[in-house]
Amino acid sequence: MGRACGRLAAARPLGGRGMTRGSDTGRLARRELLAMPDYLAHERSQARRLAIGAAWLVLLALSLLQLLEYLLGHDGDRVGPWLLHAVWRLPALLTAVWVLVLAAKRPEGDWPRPLSLLLGFWVMIAAWGLTALHLGGHEVQMHEALQRLVITTVAVSVLAVRGARDLLPICLPGIVLGGVLLWSLDPGPARALAWATHPLLATVVAAVIAELLFRGNAQAFLANRQIRESALTDSLTGLPNRRAVDDALRAAHARVDRHGGHYAVVMADLDHFKRVNDTWGHAVGDEVLCELGRRLRAELRANDLAGRWGGEEFLILLQDVDADAAWRAAEKLRVRIGGELFVTSAGELPVTVSLGVALSRGAPRPEDVVNRADEALYEAKRGGRNRTAVR
Ligand SMILES: Nc1nc2c(ncn2[C@@H]2O[C@H](COP(=O)(O)OP(=O)(O)OP(=O)(O)O)[C@@H](O)[C@H]2O)c(=O)[nH]1
């Protein structure tokens, strides 16, 4: 039973966040992933890194292409197509520059979506340009322009790793239009290579790459998250462990230092717990600890926190309370725990706790609040147990 409690609790994420079903990434819907605020932040930062890398790649590739064309002497006698190339490169160049500006100005911003919208816009313009060339009878230029469009689309669409699904519906009409025009020009097998680099195919490939990257990211993220959570969770009760409680205490202390207000620390300790272990065995003691964890969790408000401080001692952090409210909350816990027998494999056992309450008021460090709560707990024990004392 004790181990079952631990397993059950381990699946429950800290602070109510996280996975609702197992840890298998393959079965986790994107919807569920996006409901995790920390996953969203992770995905944004991944997309940003990828976008910056891809933007530099595009800039580099375009410069090299330009240089290559110059070295091969493709430019001199055909000013028209050369200008045309420059025009097709403009979307990628502008997008790349914009990525760099956004990355510098809004490091945490949600900008891959506007980025993909801009790209979609440029692709549509390009598609209409192709139509104009076709209608004007400039097939050669149109073919070359299409190749430029391929480069632009492939390179820049990878930027939209987060918005691949947004990108496709925007780009597809323009790309399909380009494909139909190409087909109508020369549908023979000699165009196989052109088809292989066809923008439609290229965009689908880019979307698949983006999806694979997304899945890889999600898997790595969930694995890390699990490691992080198990490092902060007490394996027996599933409550935050001492390290997690310590972090929460420091955060609460910093918050009241900055914004004012108070928090309270309640130290709760099972009464005569040694007797439970000695009489019924350690496994039954574990069951009692598990049940205590469940009752603490059930009684607390969403922004309060209960964690296992060590052994049979639990620390409860109450946010935004005065001394009176903290005392009332502690009393409610005491009554809830002592008022109902604990069902264990050894039968129904009476269990009580003693509680010590301290308010953060005037404490320079969180440790001082904890020490005062400890002193109050000692007082409650000395006073006869199953009671609450305040310091
Ligand atoms: N089953 C179980 N027992 C634990 C665990 N951690 C600590 N304990 C036991 O908790 C008991 C604490 O005993 P004491 O410190 O004497 O406290 P107490 O018997 O509760 O007495 P008071 O606190 O004075 O009311 C010891 O028997 C420990 O072995 C645990 O994870 N599981």
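Atoms within a ligand are numbered from 1 in the order they appear, just like the ligands themselves.
- For atom 2 (C) of ligand 1, the nearest non-hydrogen atom from the set Asp286, Val284, Asp269 comes from Asp286.
- Looking from atom 16 (O) of ligand 1 to the surrounding protein, the closest heavy atom is Lys274 CD, 3.9 Å.
- Nearest non-hydrogen protein atom to atom 21 (O) of ligand 1 is His272 N, 3.6 Å.
- The side-chain tip of Arg391 does not point at the ring of Tyr378 from less than 6.0 angstrom away and within 45° of straight on.
- The nearest protein atom to atom 22 (P) of ligand 1, hydrogens excluded, is given as Lys381 NZ, 3.4 Å; this is a heavy-atom distance.
- Taking every heavy atom of Asp271 and a limit of under 4.0 angstrom, the matching atoms of ligand 1 come to 20 (O), 25 (O).
- Looking only at protein heavy atoms, the nearest one to atom 18 (P) of ligand 1 is Phe273 N, 3.4 Å.
- Heavy-atom contacts of Gly285 reach the following atoms of ligand 1: 1 (N) (cutoff under 4.0 Å).
- If you look at Val276 next to ligand 1, there are no close heavy atoms at all, none under 4.0 Å.
- Of the possible donor and acceptor atoms, none in the side chain of Asn277 sits under 3.5 Å from a partner among the backbone N and O of Lys274.
- At distances below 3.5 Å, at least one donor-acceptor pair connects side-chain atoms of Asp304 with backbone N or O atoms of Gln319.
- Residue-ligand proximity, Arg385 to ligand 1, at heavy-atom distances under 4.0 Å covers atoms 22 (P), 24 (O), 25 (O).
- Note that the CD atom of Glu291 and the CZ atom of Arg294 stand 5.0 Å from one another [nearest 0.5 Å].
- An N or O contact shorter than 3.5 Å is missing between Leu236 and ligand 1 by distance.
- Checking only distances, Leu289 never comes within under 3.5 Å of ligand 1, N or O to N or O.
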Set out, in order, the CA-CA distance, both residues' side-chain angles and the distance that settles side-chain contact (heavy atoms from CB on, under 4.5 Å) for Leu296 and Leu333, then state yes or no. CA-CA 7 Å; Leu296 289 176; Leu333 286 174; 3.8 Å; yes
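- Rounding to the nearest 0.5 angstrom, the gap separating the NZ atom in Lys332 from the CG atom in Leu300 is 8.0 Å.
- Using a distance-only test at 3.5 Å, with no hydrogens or angles considered, a donor-acceptor pair links the side chain of Asp271 to the main chain of Asn386.
- In terms of protein heavy atoms, atom 9 (C) of ligand 1 is closest to Asn277 ND2, 3.3 Å.
- Each of the atoms 20 (O), 23 (O), 25 (O) of ligand 1 lies under 4.0 Å from some heavy atom of Leu270.
- Taking every heavy atom of Gly311 and a limit of under 4.0 angstrom, the matching atoms of ligand 1 come to 6 (N), 7 (C).
- In this structure a side-chain-to-backbone donor-acceptor pair under 3.5 Å is missing from Ser354 to Asp269.
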Show your working on side-chain contact (heavy atoms from CB on, under 4.5 Å) between Tyr39 and Arg225 and close with a plain yes or no. CA-CA 9 Å; Tyr39 178 73; Arg225 188 179 212 266; over 6 Å; no
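- Taking only non-hydrogen atoms, the option from Arg308, Glu313, Glu312, Arg275 nearest to atom 12 (C) of ligand 1 is Glu312.
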What's the verdict on side-chain contact (heavy atoms from CB on, under 4.5 Å) for Glu287 and Leu349, showing C-alpha distance, side-chain angles and the deciding distance? CA-CA 11 Å; Glu287 290 175 37; Leu349 304 180; over 6 Å; no
